[in-house]
> 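A single structure is presented below for examination.
Heavy atoms only: backbone and side chains are in, while hydrogens, waters and symmetry mates are out. Quantities reported herein were computed from a predicted structural model and do not represent experimental measurements.
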Amino acid sequence: MFKNLNEKEKKKIYWLLSLAVICGISLIAMSGIENKEIVSKDEINNITQEELSNESSKTALEEKLKNILSQIEGAGELDVMITYESSEEIQPAFNTNTTMEETKEVDKQGGERTVTTSSENKTMITSSANDPIVIKTNQPKINGVIVVATGAKDLNVKETLYSAVQTALQVQGHQVEIYTK
């Protein structure tokens, strides 16, 4: 089959065959690494509970800010709304095992090929209660804050409310709006 080909063409064919073998080995390795998870009703309930607690913490922040701002002289009755870019992000701990194997082959015609196989296995670390171990929790980023206050008619009160919101939430000025109730 390869008798009518010159050495350069034979090397190209061997190279393509080697590449096909590497791709095949990689596909087999990747399919073995795949972790298929079945979500139970308990896990769905846990997710729902986490979302509810996340919403309650957002509401608690609004209430806390409202209570602080209402203590400012002249602020009067007020309402606060905070919008977020995303929800809280939790980063779980993982055990990662990476293996890499390199095989060099030389055939009778002097052709060389190197086969490199690598695989990575990631396993989430859980506690004895099967809860994930959390490395870090990123709080949601605040997009904007609206304060509606009866005392916002007075420019000094409005400026004080504006500064207080920026300081309390560490947000930029363009993210805060103060309106008269």
> Asp107 and Arg113: side-chain contact (heavy atoms from CB on, under 4.5 Å), yes or no, with the steps?
CA-CA 9 Å; Asp107 61 13; Arg113 61 184 159 264; 4.1 Å; yes

> Should Ile125 and Phe94 be marked as a side-chain contact (heavy atoms from CB on, under 4.5 Å) after you check the CA-CA gap, both sets of side-chain angles, and the distance that decides it?
CA-CA 5 Å; Ile125 302 172; Phe94 287 99; 5.8 Å; no

> Determine whether Val134 and Pro92 make a side-chain contact, defined as any pair of heavy atoms from C-beta on separated by less than 4.5 Å.
no

> With salt bridge (charged side-chain N to carboxylate O under 4.0 Å, His left out) as the rule and sequence neighbours excluded, what pairs involving residues 137-164 come up?
Glu85-Lys141

> Any sub-3.5 Å donor-acceptor pair from Glu101's side-chain atoms to Thr117's backbone N or O?
no

> Measure the spacing between CD1 of Ile146 and OG1 of Thr83 and express it to the nearest 0.5 Å.
7.0 Å

> Please report the C-alpha distance between Gln166 and Gln172 in whole Å, then the side-chain angles of each, then the deciding distance to 0.1 Å, and finally whether the side-chain contact (heavy atoms from CB on, under 4.5 Å) criterion is met.
CA-CA 6 Å; Gln166 281 185 287; Gln172 300 292 319; 5.5 Å; no

> Is there a donor-acceptor pair closer than 3.5 Å between any side-chain N or O of Thr167 and the backbone N or O of Ala164?
no

> Could you tell me the separation between the NZ atom of Lys122 and the OG1 atom of Thr96, rounded to the nearest 0.5 Å?
5.5 Å

> Nearest 0.5 Å, what's the CE-CG distance between Met124 and Asp131?
11.0 Å

> Under a 4.0 Å threshold between the charged nitrogen and the carboxylate oxygen, would Lys181 count as salt-bridged to Glu77?
yes

> Could you check whether atom CD of Glu102 has more than 12 heavy atoms from other residues, nucleotides or ligands sitting under 6.0 Å from it?
yes

> Quick one: does Asn97's side chain get under 4.5 Å of Thr99's, heavy atoms only?
no

> Is the shortest heavy-atom distance from the side chain of Glu62 to the side chain of Met81 under 4.5 Å?
yes

> So do the side chains of Lys66 and Asp79 get within less than 4.5 Å of each other, counting heavy atoms only?
yes

> Which residues, ordered by chain and number, are linked to Ile82 in its hydrophobic cluster, where ILVMFWY side chains connect at heavy-atom gaps below 4.5 Å, directly or through other members?
Leu61, Leu65, Leu69, Ile72, Leu78, Val80, Tyr84, Ile142, Val145, Val147, Val157, Leu161, Tyr162, Val165, Leu169, Val171, Val176, Ile178

> Is there a side-chain contact (heavy atoms from CB on, under 4.5 Å) between Ile133 and Ile135? Walk through the geometry before answering.
CA-CA 7 Å; Ile133 304 294; Ile135 293 175; 5.9 Å; no

